[in-house]
Amino acid sequence: MVAFGYSLLCEQRGPRELVADAVAAEEAGFDFEVISDHYFPWLDSQGHAPNAWPVLGAIAAATERVSLMTYVTCPIMRYHPTVVAQKAATVALLAGEGRFTLGLGAGENLNEHVIGKGWPPANVRHEMLGEAVEIIGELFAGGYVNRSGTHYRVDSAKLWDVPDGGVPIAVAVSGKQSIETFAPVADAMVAVEPLPELVQGFDAATGVSLPKIGQQPISWGADREEAVARAHDQFRWFGGGWKVNAELPGTAAFAAATQFVRPHDVADAFPCGPDVAAHVEAVRPFVDAGFTHVALVQVGGETQTDFIAFAEHELLPALREEYGKPENARIRVR
């Protein structure tokens, strides 16, 4: 049984539109919703990057049932871990009923460079994320936190408004090293690649089967050629892979790095057009790998309203016929 989610992509939609899309996606029957947390879009053609956290607050107040999650927030530079903890606790209280999960990752230069402190190498970023996760977990547990660590100093921090039991934390992993670091302190796993070894390694490290959340882009549309062109225009940024993407500092760099990605390269990477069966089949690698949650990303801000209607009447019923539906998609504190 797999939970299917809707991705609120801040890079392609304004804040009011994101809230309206979130409400519509809940009404359409999506099990959960994830939101990106960027300072920049990947490409100029995407055209947006509102702050995810006030949008999340508005969504928490405007929705009732659907689970919510950041996918993912970077707590190592642009946000101090103590600030992330406070924001997450506040959104969790606004959402109520255990609806919110804090998704965390090591970030991208694209967003973090704006504070002017340079971009650390990957091993340092993972050290920083590990320390940040510890601080956030301590704050969720209540009481005062004082810390003088390798990367962060915390002076008498305390969350005055936090849900009983804290807020579940999902952490992005990409290999053995990140699994060993974060599986012991996470309540769920995030990964963008449907690799069975990530699921198996995470379960081995935790000793229990925790939720695994993946994400699948699609470019739905009645005209396949238009859907391919839109995907190439706005989503070819993925072409360099995450090891490259994490290092690029701005939209011009992404445009240059992907100038030789062709429309058919994008069409080969994820489904484009009206074929329901193709979109259903696209999530199979995540299901077969053992992921419990898959969030769909529809490419193109202007297509969201029509896509949500399509999902309600055609795509979600087809996905559930093929993969089933869980009784409860919410993620709990371990």
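Just so you know, these numbers use all the heavy atoms, side chains as well, and skip hydrogens, waters and symmetry mates. Quick caveat: nothing in here was measured; it's all calculated off a predicted structure.
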Is there a donor-acceptor contact under 3.5 Å from the side chain of [X] to the main chain of [Y]?
{"X": "Arg320", "Y": "Lys325", "answer": "no"}
{"X": "Arg236", "Y": "His232", "answer": "yes"}
{"X": "Thr73", "Y": "Thr70", "answer": "no"}
{"X": "His313", "Y": "Ala28", "answer": "no"}
{"X": "Glu131", "Y": "His151", "answer": "yes"}
{"X": "His48", "Y": "Phe40", "answer": "no"}
{"X": "Ser148", "Y": "Arg153", "answer": "no"}
{"X": "Glu11", "Y": "Gly47", "answer": "no"}
{"X": "His293", "Y": "Ala329", "answer": "yes"}
{"X": "His113", "Y": "Leu110", "answer": "yes"}

Could you state the interatomic distance from [atom1] ([X]) to [atom2] ([Y]), rounded to the nearest 0.5 Å?
{"X": "Glu247", "Y": "Trp242", "atom1": "CD", "atom2": "CH2", "value": "12.0 Å"}
{"X": "Glu26", "Y": "Ile308", "atom1": "CD", "atom2": "CD1", "value": "11.5 Å"}
{"X": "Thr303", "Y": "Gln234", "atom1": "OG1", "atom2": "CD", "value": "8.0 Å"}
{"X": "Tyr39", "Y": "Glu108", "atom1": "OH", "atom2": "CD", "value": "15.5 Å"}
{"X": "Glu281", "Y": "Asp275", "atom1": "CD", "atom2": "CG", "value": "10.5 Å"}
{"X": "Leu18", "Y": "Ser36", "atom1": "CG", "atom2": "OG", "value": "7.5 Å"}

Salt bridge [X]-[Y], side-chain N to carboxylate O under 4.0 Å:
{"X": "Asp187", "Y": "Arg332", "value": "no"}
{"X": "Glu193", "Y": "Lys212", "value": "no"}
{"X": "Asp233", "Y": "Arg230", "value": "no"}

Locate the shortest heavy-atom distance separating [X] from [Y]; write the atom from each residue and the value.
{"X": "Val228", "Y": "Ala267", "answer": "CG2-CB, 4.0 Å"}
{"X": "Ile179", "Y": "Pro184", "answer": "O-CD, 3.9 Å"}
{"X": "Arg99", "Y": "Val66", "answer": "NH1-O, 2.8 Å"}
{"X": "Tyr71", "Y": "Ile213", "answer": "OH-O, 3.1 Å"}
{"X": "Phe32", "Y": "Ala3", "answer": "CE2-O, 3.4 Å"}
{"X": "Gly57", "Y": "Leu94", "answer": "CA-CD1, 4.1 Å"}

Verdict with supporting geometry, Glu127 and Thr150, side-chain hydrogen bond (donor to acceptor under 3.5 Å, both in side chains): CA-CA 9 Å; Glu127 286 178 7; Thr150 303; over 6 Å; no

Test Leu104 against Ile136 for side-chain contact (heavy atoms from CB on, under 4.5 Å), laying out the working first. CA-CA 11 Å; Leu104 298 174; Ile136 292 167; 4.0 Å; yes

Check side-chain hydrogen bond (donor to acceptor under 3.5 Å, both in side chains) between Tyr6 and all other residues, then give those that pass, not counting sequence neighbours.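 In terms of side-chain hydrogen bond (donor to acceptor under 3.5 Å, both in side chains), with neighbours along the sequence ignored, Tyr6 is linked to Gln304.
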
When you look at [atom1] of [X], are more than 12 heavy atoms from neighbouring residues, nucleotides or ligands closer to it than 6.0 Å?
{"X": "Gln259", "atom1": "CD", "value": "yes"}
{"X": "Arg284", "atom1": "CZ", "value": "yes"}
{"X": "Glu322", "atom1": "CD", "value": "yes"}

Is there side-chain contact between [X] and [Y], with at least one heavy-atom pair below 4.5 Å?
{"X": "Leu93", "Y": "Asp161", "answer": "yes"}
{"X": "Glu97", "Y": "Arg330", "answer": "yes"}
{"X": "Glu138", "Y": "Arg147", "answer": "yes"}
{"X": "Cys10", "Y": "Val55", "answer": "no"}
{"X": "Thr292", "Y": "Met1", "answer": "no"}
{"X": "Phe291", "Y": "Val2", "answer": "no"}
{"X": "Arg334", "Y": "Thr206", "answer": "yes"}
{"X": "Val190", "Y": "Val171", "answer": "no"}

Classify the angle between the aromatic ring planes of [X] and [Y] as parallel (below 30°), tilted (30 to 60°) or perpendicular (above 60°).
{"X": "Phe182", "Y": "His126", "value": "tilted"}
{"X": "Phe307", "Y": "Trp220", "value": "tilted"}
{"X": "His38", "Y": "Trp42", "value": "perpendicular"}

According to a 4.5 Å side-chain heavy-atom criterion applied to Ile, Leu, Val, Met, Phe, Trp and Tyr, with indirect links allowed, do [X] and [Y] form part of one hydrophobic cluster?
{"X": "Val244", "Y": "Trp237", "result": "yes"}
{"X": "Tyr152", "Y": "Leu102", "result": "yes"}
{"X": "Tyr323", "Y": "Val199", "result": "yes"}
{"X": "Val114", "Y": "Trp119", "result": "yes"}
{"X": "Val294", "Y": "Phe270", "result": "yes"}

Distance-only side-chain donor-acceptor flag, [X] / [Y], under 3.5 Å:
{"X": "Gln298", "Y": "Ser219", "result": "no"}
{"X": "Glu33", "Y": "Ser67", "result": "no"}
{"X": "Ser156", "Y": "Asn146", "result": "no"}

With side-chain contact (heavy atoms from CB on, under 4.5 Å) as the criterion, how do Ile169 and Phe140 come out once you've worked through the C-alpha distance, each side chain's angles and the decisive distance to 0.1 Å? CA-CA 10 Å; Ile169 296 174; Phe140 285 163; 3.9 Å; yes

Phe235 pairs by side chain to side chain contact (heavy atoms under 4.5 Å, CB included) with which of Val297, Leu43, Ile218?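 With Phe235 as partner, Val297, Leu43, Ile218 yield a single side chain to side chain contact (heavy atoms under 4.5 Å, CB included), made by Val297.
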
Passes side-chain contact (heavy atoms from CB on, under 4.5 Å), Met69 versus Phe100? Steps please. CA-CA 6 Å; Met69 177 182 171; Phe100 179 68; 5.5 Å; no

List the steps and the verdict of side-chain contact (heavy atoms from CB on, under 4.5 Å) for Asp203 and Val208. CA-CA 6 Å; Asp203 284 346; Val208 295; over 6 Å; no

So Glu197 and Lys176, salt bridge (Lys or Arg N to Asp or Glu O under 4.0 Å) or not? Walk me through it. CA-CA 9 Å; Glu197 56 266 32; Lys176 182 178 179 181; over 6 Å; no

Listed partners of Arg78 passing salt bridge (Lys or Arg N to Asp or Glu O under 4.0 Å), at least two apart: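 Per chain and number, Arg78 pairs via salt bridge (Lys or Arg N to Asp or Glu O under 4.0 Å) with Asp37, Glu112.
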
